[in-house]
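The structure under discussion appears below in the form of C-alpha cells.
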Amino acid sequence: MNILVINSGSSSIKYQLFKMPLQQPVCSGLVERIGIEGSFIKHTVYPNGEKYTLEKDAFISNHGEGLKQVLALLSEGEHAIIAKPEDIVAVGHRVVHGGEHFAGATLINDEVKQQIKKLFSLAPLHNPVNYKCIEVAEQTFFAAKQVAVFDTAFHQSIPQQAYRYAIPEWYYKEHGIRVYGFHGTSHKYVSEQAIKWLGKSESKIISVHLGNGCSITAIKNGKSIDTSMGFGPLSGLMMGTRSGDIDPSVIFHLMEHSGYTLEQLSTLLNKQSGLLGVGGSSDMRDIRKLVNEGNEAAKLALELYAYRIKKFIGSYAAVLNGIDAVIFTAGVGENDLDMRAAVCDELSYLGIQLDLNKNRNYKSQLTEISQTNSKVKVLVVPTNEEYEIANQCFNLLN
Ligand SMILES: Nc1ncnc2c1ncn2[C@@H]1O[C@H](COP(=O)(O)OP(=O)(O)O)[C@@H](O)[C@H]1O
Ligand SMILES: CC(=O)OP(=O)(O)O
Ligand SMILES: [Mg+2]
C-alpha cells in the first residue's frame, strides 16, 4: 500500500512516499525557500536499494505550484515511481491548526475541509497552504483516501492551568480562546525517539523545534504538558518571519497612534518580524552569511533568537521540576551547531553541559551532544513528521 505524505510548512513542502506496512520510503524530497529568492526542489528516489537524487533550482512562488512540480517528478521521466494516480492509496496531509475538534488522524471530507478553512485566520501562514495541498492532491489522486494529521493533536494533553489564558471563561467557551500548541507531530516523534534512547519509562524532556516556525514543548512521561505556541502559531520563540511573544500593548499602541489596520498588524507580526525583521532574512543560512560579513543587525537577530530559547528552557525546567533531556530538532536545530552551542552556553546551573566536539560532529541521526557527566542529556534528533504521519494514516485506514 503506497501512502504519500505531504508536509507543507510555512516556507517549505516536504514529502515522502512510503510502502506500508513495511514503513519503507520509496522516495522523499523537499521544496525549500518557497516565495523567496533561491527556491529549489530536491527529489530523491530509492530504486532497488540504490539512491538517485535530482536537484532543480527554479523560483517557486507558492505552495500549489511547488506541489504540482513535485507530483510531476513522481510520475514523469526515467525515474518515475508511479505509473498511474491510482497507485497511491492514501495521501497524508500535515494540517497545522485543528482547534479542539481533532485529537487524531482524520479522514478528510467536506466537513473537515470546512473546519480547516474556519481556522485560516488563526494560522494564516499554514492552514491556507495545507488546504491548497489537499485540493491539489484530491484532483491528482482522485481515487485515494485523503487523511489529515494535525499539529495541534499531541498538545491535547496540556492541562487547563497551562492551556487557559487569564481572561474571562466566556472567551474560552464561546470563542475557543485557549492554547492549542503546534509542531505536535514533530515533538511527539522526536520525544518518542528520545524516550527509547533514554530507556526510562518516566521522563522529563524539553523538545526544541527550530524550523522556519519555532516552538518548545515540555513533555512529561511522553505527554505534552506545556508549549510555547498558543492560540495560533505566532507566540513564544522568535521565528523566521514571526515575532514570537510580544506585549499586546504594542498592538494597541500601533492601532491608536499609527492607525494600523488588522491586516497590517497581522502582516507585521506574521511575515515581517523574527529573523527577517531584525536581521534582514528569514533564512538562518542567510543570517549566518550576513554575520560573517560583519552585519550588526544579523548578529543581534541571533542573540535575540538564542536568548528567547534559553529563557523558555529555564521556565520549562521549573514546570517539569527537572530535566532528563533537551532535544534539538528541525532545520535550524539539526543543522546550526553554533545556535545549539549559544543556547546551551551558561546553563550549567540546570545541569546542561554541552560537549563542543560532539556538537560539531553531529551527523543526521539521533546523537547525544552533551558531556558524559552532564546531568541533563542534550540530544539532536532529526525530526520525521512524514514518517509519523504515514504511520498514523496507515493505522487509521486499517
Ligand atoms: N545548514 C543549515 N545551517 C543553518 N540553518 C539551516 C541549515 N539548513 C536549514 N537551515 C534552516 O532551517 C530553517 C528551515 O527549517 P525547516 O524545518 O525546514 O522549516 P519549515 O518546515 O518550518 O518550513 C531555515 O531557517 C533554514 O535556514
Ligand atoms: C506551525 C509552524 O510554525 O510550522 P512551520 O514551522 O512548518 O512553519
Ligand atoms: Mg516544518
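Each ligand, and each atom within it, is numbered from 1 in the order the structure gives.
A salt bridge does not link Glu192 to Lys196: none of the charged side-chain nitrogens sits closer than 4.0 Å to a carboxylate oxygen. Salt-bridge formation is detected for the pair Arg178/Glu100: a Lys NZ or Arg NE/NH1/NH2 atom is positioned less than 4.0 Å from an Asp or Glu carboxylate oxygen. Contact check on Lys377 versus Asp324 returns no salt bridge, with no Lys/Arg side-chain nitrogen under 4.0 Å from an Asp/Glu carboxylate oxygen. Ionic pairing of Arg33 and Glu37 is not present here: no N-O contact between side-chain nitrogen and carboxylate oxygen is shorter than 4.0 angstrom. Taking a cutoff of 4.0 Å between a charged side-chain nitrogen and a carboxylate oxygen, Glu138 and Lys113 qualify as a salt bridge. Comment: Lys14 does not engage Glu385 in a salt bridge, judged by the lack of any side-chain N to carboxylate O separation of less than 4.0 angstrom.
Counting the atoms of ligand 2 from 1 in the order shown, those under 4.0 Å from a heavy atom of Met229 are 3 (O). Which parts of ligand 2 touch Asp151 is read off a 4.0 Å heavy-atom cut-off, strictly below it: atoms 1 (C). For ligand 1, the atoms closer than 4.0 angstrom to any heavy atom of Ser12 are 20 (P), 21 (O), 23 (O). Atom numbering of ligand 2 starts at 1 in the shown order; those under 4.0 Å from a heavy atom of Phe182 are 1 (C). Proximity to Ala330 (heavy-atom distance under 4.0 Å) selects the following atoms of ligand 1: 17 (O). The atoms of ligand 1 that sit less than 4.0 Å from any heavy atom of Asp336 are 4 (C).
The aromatic ring centroids of Tyr52 and His79 lie less than 6.0 Å from each other.
Contacts with ligand 2 closer than 4.0 Å are made by no heavy atom of Leu125, backbone or side chain. Contact annotation for Lys14 and ligand 1: only side-chain heavy atoms (C-beta onward) come within less than 4.0 Å of the ligand.
Residue His209 has no nitrogen or oxygen atom sitting less than 3.5 Å from a nitrogen or oxygen atom of ligand 2, judged on distance alone. Of the N or O atoms in Gly213, one or more lie within a sub-3.5 Å distance of an N or O in ligand 2. Residue contacts with ligand 2: His126 is placed with a nitrogen or oxygen under 3.5 Å of a nitrogen or oxygen of the ligand (distance criterion only). For ligand 2, none of its N or O atoms has an N or O atom of Asn212 under 3.5 Å away.
Under the 3.5 Å distance criterion, the side-chain polar atoms of Asp345 are left unmatched by any main-chain donor or acceptor of Ala341. No side-chain donor-acceptor contact under 3.5 Å links Arg94 to the backbone of Thr185.
Among all protein heavy atoms, the one lying closest to atom 11 (C) of ligand 1 is Val332 CG2, 3.7 Å. Regarding atom 27 (O) of ligand 1, its nearest protein heavy-atom neighbour is Asp283 OD1, 2.5 Å. Looking only at protein heavy atoms, the nearest one to atom 22 (O) of ligand 1 is Asn212 N, 3.0 Å. The protein non-hydrogen atom at the shortest distance from atom 3 (O) of ligand 2 is Arg242 NH1, 2.9 Å. Among all non-hydrogen protein atoms, the one lying nearest atom 1 (N) of ligand 1 is Asn335 CB, 3.4 Å. Distance from atom 7 (O) of ligand 2 to its nearest protein heavy atom, with residue and atom name: Arg94 NH1, 2.9 Å. Ranking protein heavy atoms by distance to atom 5 (N) of ligand 1, first place goes to Met284 CB, 3.7 Å.
Of the candidates Leu67, Ile60, Ile41, Leu30, Ile13 forms a side-chain contact (heavy atoms from CB on, under 4.5 Å) with just one, namely Leu67.
The shortest heavy-atom distance from Gly211 to ligand 2 is not under 4.0 Å. Residue contact check for ligand 1: Gly240 places no non-hydrogen atom closer than 4.0 Å to it.
Selection from Glu385, Met239, His183 by nearest heavy atom to atom 1 (C) of ligand 2 gives His183. If you check each of Ser10, Gly333, Gly331, Gly213 against atom 17 (O) of ligand 1, the one with the closest non-hydrogen atom is Gly331.
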Take Tyr305 and Met284 through the side chain to side chain contact (heavy atoms under 4.5 Å, CB included) test and state the conclusion after the steps. CA-CA 11 Å; Tyr305 189 99; Met284 188 56 96; 3.8 Å; yes
Between Ser186 and Thr383, is the side-chain hydrogen bond (donor to acceptor under 3.5 Å, both in side chains) condition met? List the steps. CA-CA 6 Å; Ser186 173; Thr383 193; 2.8 Å; yes
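Ring geometry, His183 versus His209: the interplanar angle falls under 30°, so the pair is classed parallel (tilted spans 30 to 60°). By the 30° and 60° cut-offs, the orientation of the rings of Phe150 relative to Phe102 is parallel.
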